[in-house]
Each structure stands twice: as structure tokens, then as C-alpha cells.
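Because only heavy atoms are used, hydrogens play no part in the values below, and waters and symmetry mates are left out as well, while side chains stay in.
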Amino acid sequence: MLLPLFGLAVFFLWNTFQGGETPQEAWAEFRGPQRATAAPPAKATVAPPKEEASALPKVTAKKPKRPARGGNGGGEIVLIIDDLGFDGQPLERVMALDPNVNCAILPNGNSATAVAEKLAARGFEVLVHLPMEPQGKASPGANAILTSMGDDEIARLTLENVQSIPHARGVNNHMGSRATSDRRVMTTVLRSLPEGMYFIDSKTSGGSLGSTLARQMNVRTASRHVFLDDVLTESAVRRQIAMLAEAAERHGVAVGIGHPHGVTVRVLAEELPKLRAEGFRLIRASEAVR
């Protein structure tokens with residue numbers, strides 16, 4: 001037993017005196033290569049399902065910087081709150097945001113008519129939030145305009161939906177990424193609108209023909225620039241409001257669409273007074289269409 005121990009001691013001393021490895025390094029070499037410990041695999045993250053608004057501009061990492069206007073200009077903003085017409089929504093808080101907030105009501109909402117009457121009585125501009133066929137399997141709800149329908153059925157449903165919302169001055173599409181990209185369907189919808197009614201293209205698809213066809217058919221129109229609440233966090237909504245203000249400065253007028261979510265209404269209540277102080281002005285959709 002002494003002979004191997006004596007040999008090992010000589011091995012360590014020889015490496016040390018030669019100015020090479022330390023005893024610890026020599027011991028590691030003597031033991032031979034060790035097996036590396038594998039790092040635990042990274043957990044896979046599952047992305048939440050995307051909603052219809054797939055044509056949204058991505059939320060920027062940093063809030064765009066705007067020079068303070070101090071009431072000397074800024075731009076005009078059309079703010080549309082979609083998906084109204086149901087019990088339990090914060091309608092009073094929406095109306096408290098600004099007298100020029102535009103309210104889009106779903107015809108298939110369980111309180112659609114009552115909500116439209118209340119908004120009109122308080123002087124708000126009302127739109128029909130027309131349900132239209134999206135890409136994928138999401139349901140646009142009852143009485144939606146589908147690409148599988150013939151022209152007569154599309155015309156009938158369009159008129160029925162519009163007439164079910166009293167005091168409506170315009171229409172914007174609910175979902176509709178498939179239907180608004182179909183020339184036949186969109187032409188029939190626009191042709192079926194009552195005379196004088198405008199169309200706001202929600203632009204849920206980059207391929208939407210809504211505003212292009214509306215101009216060709218002499219239907220007054222405008223297009224959405226920014227969705228405010230595709231991501232339901234306060235920081236994301238604030239960034240989208242900043243993007244909307246940037247678009248209003250750049251184009252003179254910009255259209256933003258939000259929904260009656262608690263976080264959206266809360267952030268708008270905080271941010272709109274700041275925008276007004278910087279010189280931005282909220283206007284009605286009927287003032288922006290051309």
C-alpha cells in the first residue's frame with residue numbers, strides 16, 4: 001500500500017518543482033476528465049392566442065418622445081370606443097372621457113338599442129360596429145357579414161344591422177379581416193349603407209379594401225391608425241396613446257380605436273387631459289372623414 005502512495009507524492013512534488021501545475025491541477029489531471037453538468041433546459045413559453053387585430057403596429061419598447069406643445073397646436077384625434085352595447089360596461093366612465101368620444105355599438109349586444117339612445121341623448125356620436133367575418137375561427141357574433149353569403153343577403157344584413165342602432169351616423173367593422181379584404185363583399189356592404197353614412201376602416205387586416213373602395217364609391221371614409229389596447233397593461237396602453245399622438249402630429253388627424261376595458265378607460269382618463277394641455281383636440285369621426 002505504501003508504494004502507490006509514495007509514487008503519488010513524487011508525482012505532485014515533481015510538477016510543483018518544475019513550475020508547472022499546482023497540486024490541485026495535478027490532482028485534477030490525475031483524476032482524468034470529469035463529466036460536465038448539463039444546464040437545465042429552458043422552459044418553453046406559450047404565446048397567448050392572438051386576437052383579430054393582427055394588423056396592429058407592434059407596441060414599441062420605449063414611449064415615443066413628443067415635444068411639449070403647451071397649448072400651441074398638436075393635432076386632431078378621433079377616439080372610437082368599440083364593442084359597446086352590453087350590460088355592465090363602464091358607459092358613464094366612457095362618456096366622462098371627452099364630449100367628442102365616438103361610440104361604436106355592436107348590433108348583437110344585449111342592450112344595443114338602449115345604449116345608443118342614452119349616448120345620443122347625451123350628445124355623443126354613435127357608430128354601428130358592423131360584425132364581419134375574420135380570418136381563422138374567431139366568431140364575430142350573430143348577424144355577421146360572411147364571404148360565403150350572396151350579394152342580396154349581404155345587403156339585407158348590412159341594412160338590418162345599421163337600422164338596429166338608432167342615431168348612428170357611421171359604420172366601422174368589427175373583426176372582418178377576411179370580409180374587408182374581399183372586393184365583392186366590401187363593395188356590397190358600402191353600396192348598402194344609407195345615403196350620407198360614413199365608413200371607418202378598422203384595418204384589422206393589412207389587405208383591407210374598405211377605405212380604398214369607399215373613396216372610389218364616394219362614401220366618406222377614414223382609416224384607423226392605432227389600436228390602443230391590443231395588450232392590456234397600463235404601460236402598453238400609454239405607449240399606444242403616445243403613438244396615436246405622434247400620428248396626429250405627423251398627419252394632422254389620426255384615428256385611435258380602444259375598447260371599454262377597465263385599464264383602457266383608466267389610462268385614457270389620465271392621459272387625455274395631458275394631451276389637451278399639449279394642444280391636441282378630440283374630434284368626432286364625422287369631422288375627419290373625407
Side-chain angles (χ1 to χ4, degrees), residues 51-60 64 74-84 100-106 125-135 140 145 158 161-162 168-193 196-230 239-259 264 275 280-290:
E51 295 187 7
E52 167 67 3
S54 58
L56 281 177
K58 294 182 179 178
V59 176
T60 54
E76 295 177 326
I77 292 173
V78 176
L79 175 60
I80 301 173
I81 302 298
D82 275 355
D83 293 356
L84 293 170
N100 288 322
V101 167
N102 302 271
C103 299
I105 300 176
L106 277 165
E125 186 150 312
V126 173
L127 292 84
V128 179
H129 198 32
L130 185 65
M132 303 183 76
E133 183 181 358
Q135 300 282 356
I145 305 300
T158 299
N161 279 312
V162 168
R169 299 194 61 187
V171 171
N172 74 332
N173 55 291
H174 170 63
M175 298 191 178
S177 56
R178 183 184 297 277
T180 59
S181 301
D182 188 302
R183 180 175 293 272
R184 177 189 67 87
V185 171
M186 201 63 235
T187 299
T188 306
V189 167
L190 292 168
R191 187 180 292 129
S192 305
L193 297 181
M197 187 165 275
Y198 61 78
F199 177 76
I200 302 289
D201 192 344
S202 299
K203 283 285 184 183
T204 54
S205 165
S208 175
L209 299 172
S211 57
T212 300
L213 290 173
R215 289 189 183 92
Q216 293 175 3
M217 298 171 66
N218 295 318
V219 175
R220 292 180 303 148
T221 190
S223 296
R224 185 270 310 166
H225 292 86
V226 178
F227 274 118
L228 301 182
D229 47 13
D230 211 34
R239 285 194 292 268
Q240 296 300 98
I241 292 172
M243 289 178 63
L244 179 60
E246 288 286 309
E249 283 186 325
R250 187 163 57 251
H251 302 295
V253 61
V255 179
I257 293 179
H259 301 81
T264 306
L275 292 179
F280 292 93
R281 185 171 73 95
L282 265 64
I283 64 172
R284 301 187 175 219
S286 56
E287 298 179 64
V289 292
R290 298 287 184 269

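The two residues Ser177 and Thr204 come nearest to each other via the heavy atoms N-OG1, 3.4 Å. Taking both residues in full, the closest heavy atoms of Asp182 and Arg184 are given as OD1-N, 3.1 Å, listed atom of the first, atom of the second, then distance. Taking every heavy atom of both residues into account, Phe280 and Ala248 meet most closely at CE2-CB, 4.0 Å. The two atoms that bring Ser208 and Asp201 nearest to each other are OG-OD2, 2.7 Å, heavy atoms only. What you find for Ala245 and Leu275 is that their closest heavy atoms are CB-CD2, 4.0 Å. The shortest non-hydrogen separation linking Leu190 to Gly210 is CD1-O, 3.9 Å.
Scored by the side chain to side chain donor-acceptor pair (under 3.5 Å) test, Arg215 finds no partners at all (sequence neighbours excluded). Applying the side chain to side chain donor-acceptor pair (under 3.5 Å) criterion to Ser223, with sequence neighbours excluded, gives Ser211. The side chain to side chain donor-acceptor pair (under 3.5 Å) search around Arg281 returns Glu76, not counting sequence neighbours.
Without hydrogens or angle criteria, His225 side chain to Val255 main chain gives a donor-acceptor distance under 3.5 Å. No side-chain donor-acceptor contact under 3.5 Å links Asn161 to the backbone of Leu130. A donor-acceptor contact shorter than 3.5 Å is absent between the side chain of Arg178 and the backbone of Glu133. Side-chain N or O atoms of Arg169 include none that pairs as donor or acceptor with a backbone N or O of Val126 at under 3.5 Å.
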Report the C-alpha distance between Ser205 and Gln135 in whole Å, list the side-chain angles of each, state the deciding distance to 0.1 Å, and finish with yes or no for side chain to side chain contact (heavy atoms under 4.5 Å, CB included). CA-CA 9 Å; Ser205 165; Gln135 300 282 356; 5.8 Å; no
Apply side chain to side chain contact (heavy atoms under 4.5 Å, CB included) to residues His174 and Asp83 and explain how you reach the verdict. CA-CA 8 Å; His174 170 63; Asp83 293 356; 3.5 Å; yes
The test is side chain to side chain contact (heavy atoms under 4.5 Å, CB included); show your working for Ile145 and Thr158 and say whether it passes. CA-CA 7 Å; Ile145 305 300; Thr158 299; 3.5 Å; yes
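The distance from atom CZ of Arg183 to atom CG of Leu209, rounded to the nearest 0.5 Å, is 5.5 Å. The CG atom of Leu79 sits 10.0 Å away from the CG atom of Asn100 when rounded to the nearest 0.5 Å. Atom CD of Gln216 is separated from atom OG1 of Thr221 by 11.5 Å, given to the nearest 0.5 angstrom. Of the inter-residue distances, the one linking Ile200 atom CD1 with Arg220 atom CZ reads 9.5 Å to the nearest 0.5 angstrom. Taking CZ of Arg250 as the start and CE of Met243 as the end, the distance is 8.5 Å to the nearest 0.5 Å. Atoms NE2 and CG, from His129 and Leu106 in turn, are 5.0 Å apart once rounded to the nearest 0.5 Å.
Between Leu84 and Ile105 there is a side-chain heavy-atom pair separated by less than 4.5 Å. Under the 4.5 Å side-chain criterion, counting only non-hydrogen atoms from C-beta, Asn172 is in contact with Asp82. Contact check for Met186 versus Phe199: side-chain heavy atoms found under the 4.5 Å cut-off. Put simply, the side chain of Ile257 reaches to within 4.5 Å of the side chain of Ser202, judged on heavy atoms. Using a 4.5 Å cut-off on side-chain heavy atoms (C-beta onward), Gln240 and Asp229 make no contact.
Between the side chains of Asn173 and Thr180, no donor-acceptor pair is found at a separation under 3.5 Å.
The side-chain contact (heavy atoms from CB on, under 4.5 Å) test with Leu228 is passed by exactly one of Ile80, Ile81, Leu244: Leu244.
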